[in-house]
Amino acid sequence: MRVKQIVWFLVIVSFFFLIVGCGGGDDNTTASNGENQTETNDDTDDSEDTVKEEVEIRFAWWGNTERDAIYNEILDLYEEQNPHVTIIREPSGWGDYWTRLSTQTAGGNAPDVFGLHLLLYGTEYLSKDVIEPLDPYVESGLISLEGWDESVIDAGKYNGNLYALAKGVTTQGLLTNLSFIESLGLELPSTDMTYNELMDFAKEAVNVLGEDEYVIGDPTIIEHGIETWAVQKGGSFISEDGTSLGFSKEDLIEYWTYWDEMRTIGAIPSAQVSAEYSGMPEESTHFAQGKAIFIDRPINRARMFAGYMPEAELTIARYPLMEDGVHSGGEQLQVPAIVMSKNAKHKEEAAKLISWFVNDLEATKIYNAENGIPGTAPVRENLQGSLGPIEALTFDHFEKVVADIPATRMRPEGSVTVLSAYLRYAEEVAFGRTAIEDAVDAFFEEAERILAN
Amino acid sequence: MLLKLWHKNKIALLFLAPWFIGIIVLGIVPMIASLYLSFTNYNMFQAPTWVGLSNYQTMLFSDSRFIQSLKVTFIYVFVGVPLQLLMAFTLAYILNKGVKGLAGFRAIYYVPSLLGPSIAIAILWRQIFGTNGVFNDVVSIFGVQPNSWVSDPSTALFTLIVLLVWQFGSPMVIFLAGLKQIPEDLYESASIDGAGSLTKLFKITIPMLTPIIFFNVVMQIIGAFQAFTPAYIIGGERGGPLDSTLFYTLYLYIKAFTEFQMGYASAMAWMLLVIIATFTGLLFLSAKKWVFYGE
């Protein structure tokens, strides 16, 4: 029965391919994510590192192609210095990053080392026992905290344990197009405007702004706006125990009313225009196109915008201050941090990589404060010489703000859901579909229901 | 008996094994898991906790966004699919009349279906129907005020329906194949009896084509219920503006991956299965009345 044998042979072979096919597919997808990582380290036989076990570390971050290039350069350097380590790179865009990360985490398959935005998602992850505490590695010396700012270390703590190290720290500010202001024949009152001063300035500006030109994008549809307002009022986005909103109905009415007036006079775009621009890349914002005076963004993006608009003179102004507020400045520290998965295979190697990534002078020089101001003094000093004017401005601005704001707390669990409800009602108000008071009532009711669970 | 089946079809079963493994590992097991999860509270990171029917109750009785997503999806399916099939049939009918270069036209009209539910097309759509888009240039000829159609809550869904209709290529190709199957002698004898082309269309073409129409209706409705990409991209990942493009699948995605309510999302997935099964079942029941399988 030769035929039978052939058939059996084919079946076995096809099984083999099926298995190989699956495994190979995985390798290909990870390989295509990082361009330069395909070099394996077979050629280390002669070096002293031969005794070290070959280690693979999966490293994930969010960003764009420019950021990917920087990360690849840094991680290549690490592989060069540590030939026994291969770093599997898993970059993705901001939106997809969180989907992917949550799915991987749920499957017990999270990357060994990954980026975590502490203000937004910190609690969602840290409260669920999926992140490795870093204190033991600090004690054993694998992770160095020499020269770190206490406030930045604290930002990475949860229930007293250290979980996350800042890749950089940033805060919301108003990036300002001075050339545009000048061309309009206006003058920026100061870089420390209050809400009232901003309103007066806007009222003046709308008289000279052209069609499709604005003072600033609509901050009510960005979460930082209301959070800053709440902090200035002496509260927070969600109360510390996570059971209720951290501001009153009156606060929200006042906030929405302020920006509604801005919308009415044409200082901020209509809801429809905002909707059209939502999800668009930064390059196509009104600000980057030279059609808006301010944009409210994390200040580390000043460099990126400077790249998009080389002919414009930019500066950074404070997020509006509240004269009669409990705190005049309400900015929160935004901390893109680096953490280790509880399931990481080679924890000590991962800890070494984390420490190197945030401390090594050569690595941080390549990184060049890409994701915010470094939280460690030696790194900051090392960068001083190589800072361009816009980065120097960012550093100065940051120092000024940090000295003036109350401590930042991670948002409690459930905040992501409350936030998405908030954005929905803010949009209803912006579209004029719901009166401000009604939207506030409805939002409070929904938020309290979410937080009660 | 099972053993006998095995001995008789050993080789065939082995050849089918990869498919069986696929459907069990990637299909049946996840489905059972999701059925279980739909009765739980599951945040993806911690063990699910059993909550019985509470997800289904919330969904049906106290989630206004769920109702909104149903409304959006029903409008999309029951306006979009008929328009799309009408378009597909009309073009297939014209092409079948013997247009020169049939193969070329067929290929060209099929291209949009190939590009189908891709990210690139969704982004293109945003451009076309945006404030500075081509659509405004065209309608301004007829004196229509320029508008940003994708970001106006009252027209955003309409741009998605246009996108669906535009992808008429694959049902058109199936209609074309069906039209070619209709025996020529039916038309000849009708001509001899003095039937005009309209009579032939309604008395011969459409009745003979009903199995194909039925097939297309079922497939397109199932597909439209599951549409996701266009709303995800055009609605700015949130089904905006004002939830006007909040497709069922998009809401499910938001529940699962933005709000970490995987149990609720699983319940929604099963509810979608029930909805699609109901409509497909109704179509099959109605088929007895209008689908003509010859003789």
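The sequence lines fix the lettering, A, B, ..., with proteins before strands; numbering per chain opens at 1.
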Structural part of B:Asn41 lying under 4.5 Å from a heavy atom of chain A: neither
Ionic contact status for A:Glu124 with A:Arg411, cut-off 4.0 Å: no
Cation over ring face, A:Lys128 and B:Phe260, 6.0 Å, 45°: yes
Heavy-atom check, side chain of A:Phe443 versus side chain of A:Leu245, under 4.5 Å: yes
Which of B:Thr258, B:Asp152, B:Ile254, B:Asn43 touches chain A most, by non-hydrogen pairs under 4.5 Å: B:Asp152
Approximate separation, where rounding is to 0.5 Å, of B:Leu163 CG and B:Phe158 CZ: 11.5 Å
Any A:Tyr158 side-chain heavy atom under 4.5 Å of A:Ser127 side chain: yes
Heavy-atom pairs under 4.5 Å with chain A, option from B:Pro153, B:Ala156, B:Gly130 with the top count: B:Pro153
Proximity breakdown for A:Thr105 and chain B, heavy-atom pairs closer than 4.5 Å: both
A:Gln289 atom CD: more than 12 heavy-atom contacts under 6.0 Å: yes
Close approach to chain B in residues 428-441 of chain A, criterion heavy atom under 4.5 Å: A:Glu428, A:Phe431, A:Arg433
Whether B:Thr249 side chain and B:Ala227 backbone form a donor-acceptor pair below 3.5 Å: yes
Donor-acceptor under 3.5 Å (B:Tyr251 side chain, B:Gln68 main chain): no
Verdict with supporting geometry, A:Ser102 and A:Tyr125, side-chain hydrogen bond (donor to acceptor under 3.5 Å, both in side chains): CA-CA 9 Å; A:Ser102 54; A:Tyr125 282 83; 4.7 Å; no
A:Ser415 portion near chain B, given a 4.5 angstrom heavy-atom threshold: neither
Proximity breakdown for A:Thr103 and chain B, heavy-atom pairs closer than 4.5 Å: both
